[in-house]
Each structure stands twice: as C-alpha cells, then as structure tokens.
Amino acid sequence: MTDIDAAREALSGIPAFAGKDLGTASLTRLGGMPNLVFRGELDGETWCLRLPGEGTSEYIDRSVEETNAKAAAAAGVSPEVIHFGKDGVMVARCLDGAATMSPKLFASTPGAVERAGQSFRTLHDDAGRFDFRFELFSMIDEYLGHLKKLGAEVPDGYHDVVAEAETVRSALWAHELPLAPCHCDPLCENFLDTGDKMWIVDWEYSGMNDPMWDLGDLSVEGAFDADMDRRLIEAYFGGPATPVDLGRMVIYKAMCDLLWTLWGLIQHANKNPAEDFWAYSINRFERCKALMATPDFARHVETVRKG
C-alpha cells in the first residue's frame, strides 16, 4: 500500500468525510518525521491529514495531544482541529499561502523571529492548562528505559553528561519554575508563517513546562545566532529579558539536545527510514557537550541557581 492509499483509507473512517467521493480528493505528501502528513483538497476545502508514525504510540499519549491541540487552536495560535481519532489520525484546517519555516527562512524572512516570539507569548498566556507535565529529567529517564527495552546503544559518554547535568537540575530546582502551556518540540517546520502571523502545529510533545524551554529549543532548531536570540526573547517579553530568564533559555538550548539525542536513538532503534537518526543523535549530543563546556554556560547556570 502506498502512502497515498493509506491516506485515503484513513479518510474513509472519518465522519467528516462520510458520503464523499474520496477518489476525487487531491492528496499531496508534505513533511513529517516520523509521521506521514498530507495536504488534501476535496469539494473546494483544504485540510491537512496526519497519520501517526509507526511505533509512536509507545511514547506519545494521543489523548493528551488532542486536548492540547484543541486548546492551542482555541488560543488562536494553531489551526482548527476537524478530527482527532483515538488512533492518532488527525485532520486540521489548512493554512493556504503560509510558508513552512526552516532555519534558512527564519534567518532571511523579515519579522519571522519576532512573530514566533509573539506567538509563543500568546500560547503561554492564553492556552489555559495543558494536559501532561513535560519534565525534562523524568523524560530522559523514560527514554533511557525505553532504549534499554529495545536493546539499543547510546553514544559513548552519554551517561557521564547526564550526571554532569545534575548541576543544571539543582540550579533549575533551586527556585520554583514558572509553568505554562508549551509546545515543547518547536522544530522550524512546526511553524507556518503567513507574513502577519506565525502559526504553530504538531502538539505531540506539548505540556506544561517552563516557557523558556520553547524559546531555547527553537533557537537550537533554527540555528539562531546571538542577534536572533535577542530578537526572539525581546519580542516575547516586549523588551530585554532578565538575566534569569535568559539563563534558563540558554540552559535549555543544551538540555533539549540532551533529550532529543535519545529521541533520535529511539527512531534509529525502530529503523525509521526518514533519515540517518544515528548521525542526527550524535550531532545533537556533540552540540550539547560543546555548549555545556563553555564558560558562559556555567555563568548562566549560576545565575539561575542564585535566582
């Protein structure tokens, strides 16, 4: 069965498409990793169909994703959810004319960084309370346990870096952290820019989290330079950030790489063919170590610890 055939079969079980001639639906494969995502058009309406990737049910709670995706849509930062099945099949309104972002587009599109910061602020302020608590160190333990069950390897020195990160954990936990409804997995491709507004999609890993995680993670995914970081955080706060807020953002730049290294290793163990996930994981791990080794990183950790 081809990907397009799988998409048509999924649509046939969705109430919103009952009685429609799905053979006439136009389906175009979009990005997605490890999910399958399609742009669809039928009877003059456009929408996006998401089929969950194989094995994702082992580490993604689809009921949580449904709740959070609908809350984000109600807050006005994500497209309307038309259908969300218990199997994780989702249909959402399509934003025609919106550019799917990339590191290159974030660097070259005037105002894109600022629009992302403003959308994060709306999400964090207006989406209410998300299901699930995204807790970095618990997720690292959970992913390590999952890798152990799969009999998968981790890069040399990974456990040593996790041990070194205990100083980060103690600094973050020295004072009560703010919690807000967060995306938690802000790949550039999860941002859709209409030129006047930045929309955010894909809520698989969303939950209550320190809002500075979203900013730090986007900075990493978009390969932001120092000026882009400044513009992002100032757009978010409406002015310069406090040293503690900036410190947490920088800390999370390293910690998101530490966590997503394990995510990539799970994809590698599951033989996901989308890309070379071993290389993906090694690259993230090396970038994490490099940032943690800088004097600036230690300074930011101490600033956060002092509060």
Side-chain angles (χ1 to χ4, degrees), residues 72 75-77 101 103 106-107 109-127 129-130 133-137 165 167-188 190-191 193 197-200 205-260 287-288 290-307:
V77 297
M101 298 304 289
F106 265 116
T109 305
V113 170
E114 288 79 3
R115 287 191 288 279
Q118 291 158 3
S119 290
F120 273 148
R121 190 62 194 238
T122 300
L123 168 68
H124 298 158
D125 286 349
D126 297 345
R129 185 170 184 85
F130 275 1
R133 168 70 165 95
F134 187 100
E135 207 293 301
L136 165 66
F137 295 99
T167 58
V168 172
R169 187 204 298 248
S170 63
L172 290 170
W173 289 6
H175 307 276
E176 185 176 359
L177 292 172
L179 291 180
C182 291
H183 186 276
C184 301
D185 184 31
L187 295 172
C188 293
N190 289 336
F191 290 80
D193 188 20
K197 180 176 180 177
M198 191 70 73
W199 297 79
I200 312 174
Y205 299 92
S206 58
M208 300 300 291
N209 195 5
D210 182 343
M212 291 301 98
W213 174 279
D214 276 349
L215 277 67
D217 201 344
L218 176 59
S219 172
V220 168
E221 306 299 345
F224 285 12
D225 60 22
D227 181 63
M228 294 170 75
D229 277 354
R230 178 191 59 77
R231 289 160 48 206
L232 176 67
I233 203 166
E234 288 188 2
Y236 181 85
F237 284 110
T242 68
V244 172
D245 288 325
L246 177 60
R248 298 201 319 280
M249 177 182 169
V250 173
I251 284 174
Y252 292 135
K253 289 171 69 169
M255 293 299 99
C256 74
D257 271 339
L258 190 63
L259 176 64
W260 299 133
R287 187 169 57 194
C288 169
L291 178 53
M292 289 181 68
T294 63
D296 273 355
F297 187 82
R299 177 175 58 81
H300 284 302
V301 170
E302 182 62 14
T303 296
V304 170
R305 185 189 68 78
K306 291 180 177 177

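When reading the values below, keep in mind they use all heavy atoms of this one structure, side chains included, and skip hydrogens, waters and symmetry mates.
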Does a salt bridge link Arg299 with Glu302, judged by any charged N lying under 4.0 Å from a carboxylate O? no
The reported gap from CZ in Phe106 to CD in Glu221 (rounded to nearest 0.5 angstrom) is 10.5 Å
Donor-acceptor contact below 3.5 Å, side chain His175 vs main chain Lys306: yes
Look at atom CZ of Arg129 and say whether more than 12 heavy atoms of other residues, nucleotides or ligands are closer to it than 6.0 Å. no
Any chance you could measure Leu246, atom CG, to Arg230, atom CZ, to the nearest 0.5 Å? 12.0 Å
When Gln118, His124, Glu114 are each screened for side-chain hydrogen bond (donor to acceptor under 3.5 Å, both in side chains) with Tyr236, the one that passes is His124
From Trp213 atom CH2 to Leu172 atom CG, the distance as rounded to the nearest 0.5 Å: 10.0 Å
Are the ring centres of Phe134 and Tyr205 closer than 6.0 Å? no
So which atom in Asp214 and which in Cys184 form the shortest heavy-atom distance, rounded to 0.1 Å? OD1-N, 2.8 Å
Rounding to 0.5 Å, atoms NZ (Lys197) and OG1 (Thr122) come to a distance of 7.5 Å
Inter-residue atom distance Met212.CE - Leu177.CG, 0.5 Å rounding: 11.0 Å
Between the side chains of Asp257 and Lys253, is the shortest nitrogen-to-carboxylate-oxygen separation below 4.0 Å, so that they form an ion pair? no
How many angstroms lie between CG in Asp245 and CZ in Phe237, if you round to the nearest 0.5 Å? 3.5 Å
